[in-house]
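To keep things clear, I will list the structure first and then write my remarks on it.
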Amino acid sequence: MEGYLGRKHDLEGPNKKASNRSWNNLYCVLRNNELTFYKDAKNLAMGVPYHGEEPLGLRHAICEVAADYKKKKHVFKLRLSNGSEWLFHGKDEEEMLSWLQGVSTA
Ligand code: I3P
């Protein structure tokens, strides 16, 4: 699946806050157990990931509704096996839940 989500990097590793903590609206692509980010669909077509980032490997990742994050609605949290954590913001509940399901079953 693919589409736009807001993204915030919360933790870089266990108990280590990410340095860049701002929200970005990114074109997200879920394929082959990996989540890759692009500035937009055009950059996906050109194969140019956002800021040259490596894809996030979802093996052993944990994904759940971010019930403790109160500043926005429709946010889910992704914790990777290396301890890094990311927040994702969908435009509505349905979009958030479909990504949550997709990422959980990746
Ligand atoms: C961050 C930005 C984020 C904010 C974060 C700030 O500043 O305002 O929106 O997260 O707060 O550090 P900057 O863009 O200058 O990097 P929230 O929207 O969740 O508040 P935080 O450090 O408390 O996570």
Side-chain angles (χ1 to χ4, degrees):
M1 62 189 296
E2 59 187 71
Y4 285 99
L5 286 174
R7 184 191 77 173
K8 177 183 172 179
H9 197 181
D10 192 18
L11 295 180
E12 270 167 27
N15 302 316
K16 185 172 192 296
K17 274 197 170 194
S19 44
N20 181 354
R21 314 187 47 76
S22 44
W23 284 98
N24 299 110
N25 196 36
L26 299 176
Y27 198 75
C28 305
V29 178
L30 177 61
R31 253 175 226 162
N32 305 325
N33 290 313
E34 287 184 341
L35 198 49
T36 311
F37 304 97
Y38 300 88
K39 181 169 170 283
D40 51 29
K42 191 176 141 206
N43 279 267
L44 165 63
M46 294 189 300
V48 179
Y50 180 70
H51 287 182
E53 291 179 5
E54 293 294 321
L56 301 183
L58 299 178
R59 210 168 287 270
H60 306 303
I62 296 168
C63 197
E64 63 190 13
V65 173
D68 53 344
Y69 187 80
K70 309 285 187 197
K71 293 180 186 170
K72 293 180 193 288
K73 287 180 177 174
H74 323 307
V75 175
F76 70 89
K77 179 190 289 192
L78 176 64
R79 184 181 313 123
L80 302 183
S81 54
N82 64 7
S84 73
E85 277 191 22
W86 303 77
L87 296 176
F88 293 97
H89 178 221
K91 69 175 183 313
D92 54 30
E93 194 73 1
E94 188 187 352
E95 184 177 78
M96 188 268 277
L97 290 175
S98 74
W99 275 99
L100 180 57
Q101 188 182 23
V103 170
S104 303
T105 55

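Every number for a ligand or one of its atoms is a count from 1 in the order of the listing.
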Heavy-atom check, side chain of [X] versus side chain of [Y], under 4.5 Å:
X: Lys17; Y: Asp10; answer: no
X: Leu58; Y: Leu78; answer: yes
X: Leu87; Y: Tyr69; answer: yes

Which protein heavy atom lies closest to [atom], and at what distance to 0.1 Å?
atom: atom 9 (O) of ligand 1; answer: Trp23 CD1, 3.7 Å
atom: atom 12 (O) of ligand 1; answer: Arg21 CB, 3.8 Å
atom: atom 13 (P) of ligand 1; answer: Ser22 CB, 4.1 Å
atom: atom 19 (O) of ligand 1; answer: Tyr69 OH, 2.4 Å

Under 4.0 Å from ligand 1, counting heavy atoms only, is it the side chain of Lys8, its backbone, both or neither?
side chain
Below 4.0 angstrom, counting only protein heavy atoms, does anything approach atom 22 (O) of ligand 1?
yes
Sub-4.0 Å protein heavy atom near atom 7 (O) of ligand 1:
no
So, regarding Lys71 and ligand 1 (criterion: nitrogen or oxygen to nitrogen or oxygen, under 3.5 Å), is there a contact or not?
yes
Over-ring placement of Lys71 relative to Trp23, 6.0 Å and 45° cut-offs
no
So, does Glu85 use its side chain to make a donor-acceptor pair with the main chain of Lys77 at under 3.5 Å?
no
Aromatic rings Phe37 and Phe88: how do their planes relate, parallel, tilted or perpendicular, breaks at 30° and 60°?
parallel
